[in-house]
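Notes for the one structure printed next.
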2 protein chains.
Amino acid sequence: MPADLISAMRDECPLEAGLHIIGGRWKGAILYCLTGGSRRYNELRRLMPQVTQRMMTLQLRELEASGVVHREVFPSVPPCVEYSLTELGRSLEPALMSLRDWGERYQQMTSDRRQP
Amino acid sequence: MPADLISAMRDECPLEAGLHIIGGRWKGAILYCLTGGSRRYNELRRLMPQVTQRMMTLQLRELEASGVVHREVFPSVPPCVEYSLTELGRSLEPALMSLRDWGERYQQMTSDRRQP
DNA sequence: CGGTATCCAAAGTGATACTG
DNA sequence: CAGTATCACTTTGGATACCG
């Protein structure tokens with residue numbers, strides 16, 4: 001199926017639209033880190049050592065393209081790039097926190113099952 | 001990377017854990033449909049004509065395995081299978097609605113951009 | 001420091017045909 | 001009605017090497 005049709009379909013359902021923005025492989029974790037304030041590129045990499053450089057860049061660029069993350073380059077030597085949430089990104093926080101809270105309860109439930 | 005390590009990482013971040021449950025290709029739309037009450041298999045297919053039979057079944061089974069969707073088979077002729085949210089699934093609704101609301105505002109913003 | 005480019009393996013997805 | 005099986009294709013993601 002063509003990519004534009006997929007987008008069209010996702011555009012129809014607001015929930016799918018929202019999930020499409022935050023649902024990328026590492027986007028949840030990245031957004032989670034950025035709720036604590038702006039972060040430099042390598043700072044994010046240290047916070048998420050599992051994420052390869054390639055993926056970190058890709059996911060950040062997609063979040064930037066979606067308008068939820070702001071990328072600011074300080075032309076210094078050595079270079080410095082800071083990432084932060086845009087206002088639109090910060091408006092995501094209630095939804096993010098709600099899902100995180102649910103995730104916490106879910107984690108507790110499943111760990112209870114392993115140790116009854 | 002091994003699948004169990006991926007799970008382990010997702011288990012650490014509650015937000016990632018939550019996204020992992022609802023983030024599948026069609027899971028948002030399916031959950032969205034099921035918030036309206038229980039639905040038969042073909043009823044879901046009619047509500048989401050874009051989703052192939054194969055994917056519908058796969059995604060429903062994953063949601064069932066995650067414990068958020070209940071599958072009930074009525075042994076009649078012709079067969080009847082009803083899907084509904086479990087209590088755990090219903091506890092997801094606030095997060096779902098929050099993300100849907102954000103998605104709605106996002107859709108309005110982007111349509112404003114196309115027609116200023 | 002903060003990236004790109006390239007290549008390749010693995011996972012995801014659709015189309016199609018078949019079934020109890 | 002509600003699936004399963006198989007195959008082909010597309011997409012995703014990691015490893016690695018290199019760059020301004």
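Below, chains carry the letters A, B, ... as their sequence lines are ordered, and counting in each starts from 1.
- Atom CE in A/Met56 sits roughly 14 Å away from atom P in D/dG13 (whole-Å rounding).
- Looking at which nucleotide of DNA chain C each of B/Gln59 and A/Leu60 is closest to, the 5′-most match is held by A/Leu60.
- Of the residues near DNA chain D, A/Pro79 and B/Arg46, the one whose nearest nucleotide (by heavy atom distance) lies more toward the 5' end is B/Arg46.
- If you take CG of A/Asn42 and C1' of C/dG2, they are 7 Å apart, rounded to a whole angstrom.
- Between the side chain of A/Thr110 and the backbone N or O of A/Tyr106 there is at least one donor-acceptor pair closer than 3.5 Å.
- Taking CE of A/Met55 as the start and CZ of A/Arg25 as the end, the distance is 7.5 Å to the nearest 0.5 Å.
- Here the C1' atom of nucleotide D/dG13 and the CH2 atom of A/Trp26 are 10 Å apart, to the nearest Å.
- Note that CG of B/Leu96 and CZ of B/Arg90 are 13.5 Å apart. Values are rounded to the nearest 0.5 Å.
- Here the shortest heavy-atom pairing between B/Arg100 and A/Pro14 reads O-CB, 3.5 Å.
- A distance of 11.5 Å separates CH2 of B/Trp26 from SG of B/Cys33, quoted to the nearest 0.5 Å.
- In this structure, B/Arg39 atom CZ and D/dG3 atom P are separated by 16 Å, rounded to whole Å.
- OP1 or OP2 of D/dA2 lies within a sub-4.0 Å distance of a side-chain N or O belonging to B/Arg40.
- Rounded to whole Å, atom C1' of C/dG14 lies 14 Å from atom CD of B/Gln50.
- The CD1-C1' distance, from A/Ile30 to C/dG2, rounds to 15 Å in whole Å.
- Between its two ends, the helix from C/dC1-D/dG20 to C/dG20-D/dC1 turns its axis by 60°, counting five pairs per end and rounding to 10 degrees.
- In the set C/dG2, D/dC1, D/dG3, the nucleotide with an atom closest to the side chain of B/Tyr83 is D/dG3.
- Nearest heavy atoms, B/Trp102 versus A/Leu88: NE1-O, 3.5 Å.
- Atom CD in A/Glu43 sits roughly 17 Å away from atom C1' in C/dG3 (whole-Å rounding).
- Taken from CG in B/Leu47 to CD1 in B/Ile30, the straight-line distance is 11.0 Å, to the nearest 0.5 Å.
- Contact record, A/Ala29 with B/Glu16: N-OE2, 2.8 Å, taken as the closest heavy-atom pair.
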Might you list the N or O atoms of the protein lying below 3.5 Å from N or O atoms in nucleotides 4-9 of chain C, with each pair's distance?
unit_1, atom_1, unit_2, atom_2, d
C/dT4, OP1, A/Arg61, NH1, 2.5

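- The side chain to side chain contact (heavy atoms under 4.5 Å, CB included) search around B/Cys80 returns B/Arg40, B/Phe74, B/Ser76, B/Glu82, not counting sequence neighbours.
- In this structure, A/Thr52 does not reach the D/dG13 phosphate: none of its side-chain N or O atoms is under 4.0 Å from OP1 or OP2.
- For A/Met55 and D/dT11, the CE to P distance is 15 Å, given to the nearest whole Å.
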